[in-house]
Amino acid sequence: MKLRKNVLIVLAIGSFIGFSSCKNTNSYTMPKAEAELIDLNKSVNSSFVMVVDFEKGNSFNHPLMALWAEDVKGNYLETFYVAQSIGKGVYQKTSNDDKGKWLPGPNRRPATLPYWAHKRGVKESDGLYLPTPQTAMTDAVTGATPKQDFRIIAKPTLASFPRVFNLLFEINQSWDWNEYWSNTKYTDDREYRTSSQPSLVYSASINLDSGVVEYHLNPIGHGHYAGKDGVLYTDLSTLTTALEIAKKISVTIK
């Protein structure tokens, strides 16, 4: 009888350990309760998964963003996530005239994510590097803008994805004025008026063979204030609240 009890105890402990191990293995799919989960490319088979955690800062207020990868020479590889309004060319609320009417409809804002747009390098017939409703990006990489902390689970889709690459994240928030990027600056530039402080670009260098599993993305520059080029402007001294949209951006390699 005593032997049977001991066997039952061992089996119970073993079952608990096995359950806990399985739970930990898949824990990356479960962000903290108050965070949103964006799970992309679920059907793709990949040798690794990237879990990107975004913790919002004090100035977070419905920003638009894109997440993509480049090789070590800065060549664009692929987009993992982009805000739906940018990737589809359709906004839930937008104004296409000067009458102040905000309605759902097509629109494109080149000042929003110019660094990502030019890196992607797809130039439309009107000269803008942004998708149109007719050339919209797939649902696999587009999604609604998160309203709070969020987690992106992304997998590369390229067959020959490099073992060392740069992960980049661009974010922008409309009407985020400050003393330098004021509403009296570039008054004749319509695109600047919808952007104010320019987009902020974050980056981390990922080496899949280094043994490092967690990286932090740090700001490396900003985009053009009106989206007229794809230059990375590295002087961040004029940015204030734009640097507080994100409190922390990290990526874990699984």
Side-chain angles (χ1 to χ4, degrees), residues 36-54 63-91 107-124 128-146 150-173 198-206 208 215 217 219-224 227 229-232 245-246 249-254:
E36 295 183 35
L37 176 63
I38 304 172
D39 195 352
L40 306 171
N41 287 321
K42 296 180 182 179
S43 61
V44 173
N45 292 322
S46 175
S47 60
F48 69 98
V49 177
M50 290 176 291
V51 181
V52 180
D53 285 306
F54 180 99
L64 297 177
M65 59 203 78
L67 176 73
W68 75 100
E70 299 176 2
D71 66 21
V72 293
K73 294 182 179 180
N75 298 307
Y76 171 87
L77 292 172
E78 65 176 295
T79 295
F80 300 114
Y81 168 81
V82 64
Q84 193 170 55
S85 54
I86 301 297
K88 299 291 188 183
V90 178
Y91 284 67
N107 207 344
R108 288 142 85 225
R109 299 295 191 193
T112 306
L113 303 172
Y115 193 62
W116 164 80
H118 282 81
K119 280 286 189 174
R120 178 171 171 262
V122 180
K123 189 176 183 179
E124 300 293 345
L128 296 181
Y129 289 83
L130 285 172
T132 70
Q134 292 72 39
T135 60
M137 300 180 71
T138 67
D139 293 339
V141 298
T142 60
T145 302
F150 60 89
R151 167 171 288 181
I152 296 175
I153 300 176
K155 303 174 185 177
T157 63
L158 296 178
S160 57
F161 200 86
R163 301 292 293 174
V164 181
F165 62 95
N166 296 323
L167 186 66
L168 291 102
F169 185 93
E170 187 172 17
I171 189 167
N172 197 1
Q173 195 160 274
S199 65
L200 187 59
V201 180
Y202 290 76
S203 179
S205 180
I206 312 295
L208 299 177
Y215 299 82
L217 279 72
I220 59 171
H222 66 78
H224 189 276
D229 61 44
V231 175
L232 180 69
I245 300 173
I249 308 174
S250 63
V251 57
T252 304
I253 306 299
K254 299 289 186 178

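No experiment lies behind these values; they were computed from the predicted model shown. Heads up: numbering here begins at 1 and tracks the sequence.
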Problem - Pairwise side-chain contact, Trp116 with Leu168, heavy-atom cut-off 4.5 Å (strictly under) - result: no
Practice task
Compare all side-chain heavy atoms of Tyr215 with those of Ser205 and state whether any distance is below 4.5 angstrom.
Solution key: no
Problem - Any side-chain heavy-atom pair of Val52 and Phe80 under 4.5 Å - result: no
Handout entry: Taking every non-hydrogen atom, the tightest pair across Thr79 and Trp68
Key = CA-CB, 3.8 Å
Practice task
Report yes if some heavy atom in the side chain of Pro156 is under 4.5 Å from a heavy atom in the side chain of Leu77; otherwise report no.
Solution key: no
Fill in the blank from the handout: Tyr202 and Ala246 have their tightest heavy-atom pair at OH-CB, 3.9 Å
Handout entry: Flag side-chain contact, heavy atom, 4.5 Å: Leu67 against Ile152
Key = yes
Practice task
Nearest 0.5 Å please: distance from the CG atom of Asp229 over to the NE2 atom of His224.
Solution key: 5.0 Å
Exercise for the section: Look up atom CG in Leu40 and atom OG1 in Thr142, then write down how far apart they are to the nearest 0.5 Å. Expected result: 9.0 Å
Completion exercise
When rounded to the nearest 0.5 Å, the distance separating CG of Leu130 from NZ of Lys88 is 14.5 Å
Exercise for the section: Determine yes or no for a side-chain-to-main-chain donor-acceptor pair under 3.5 angstrom, with Ser199 supplying the side chain and Glu170 the backbone. Expected result: no
Completion exercise
When rounded to the nearest 0.5 Å, the distance separating CD1 of Ile86 from OG1 of Thr145 is 8.5 Å
Problem - Distance-minimising heavy-atom pair for Gln84 and Ala144 - result: CB-N, 4.1 Å
Completion exercise
For Pro133 and Gly89 the tightest heavy-atom approach is CG-O, 3.8 Å
Problem - Leu37 side chain reached by Ile153 side chain, heavy atoms, under 4.5 Å - result: yes
Practice task
Determine the minimum heavy-atom distance between Phe161 and Ala69, stating which atoms define it.
Solution key: CZ-CB, 3.8 Å
Fill in the blank from the handout: Here the pair of heavy atoms bringing Tyr129 nearest to Ala117 is O-CB, 3.0 Å
Practice task
Sequence neighbours left out, what passes ring-ring contact (aromatic ring centres under 6.0 Å, His included) with Phe169? Give chain and number order.
Solution key: Phe54
Handout entry: Arg120 and Met137, any side-chain heavy atoms less than 4.5 Å apart
Key = yes
Exercise for the section: Evaluate side chain to side chain contact (heavy atoms under 4.5 Å, CB included) for Asn172 paired with Leu64, printing each intermediate quantity in order. Expected result: CA-CA 5 Å; Asn172 197 1; Leu64 297 177; 5.6 Å; no
Handout entry: Gap separating the CZ atom of Phe48 from the CZ atom of Arg163, nearest 0.5 angstrom
Key = 7.5 Å
Handout entry: Interatomic distance, Lys155 atom NZ to Ser43 atom OG [nearest 0.5 angstrom]
Key = 7.5 Å
Problem - Test log, rule side chain to side chain contact (heavy atoms under 4.5 Å, CB included), inputs Ile245 and Leu200 - result: CA-CA 9 Å; Ile245 300 173; Leu200 187 59; over 6 Å; no
Practice task
Check for a donor-acceptor pair, side chain of Asn166 on one end and backbone N or O of Ser203 on the other, with a separation under 3.5 Å.
Solution key: no
Handout entry: Side chains of Ile253 and Met50 in contact at under 4.5 Å (non-hydrogen atoms)
Key = yes
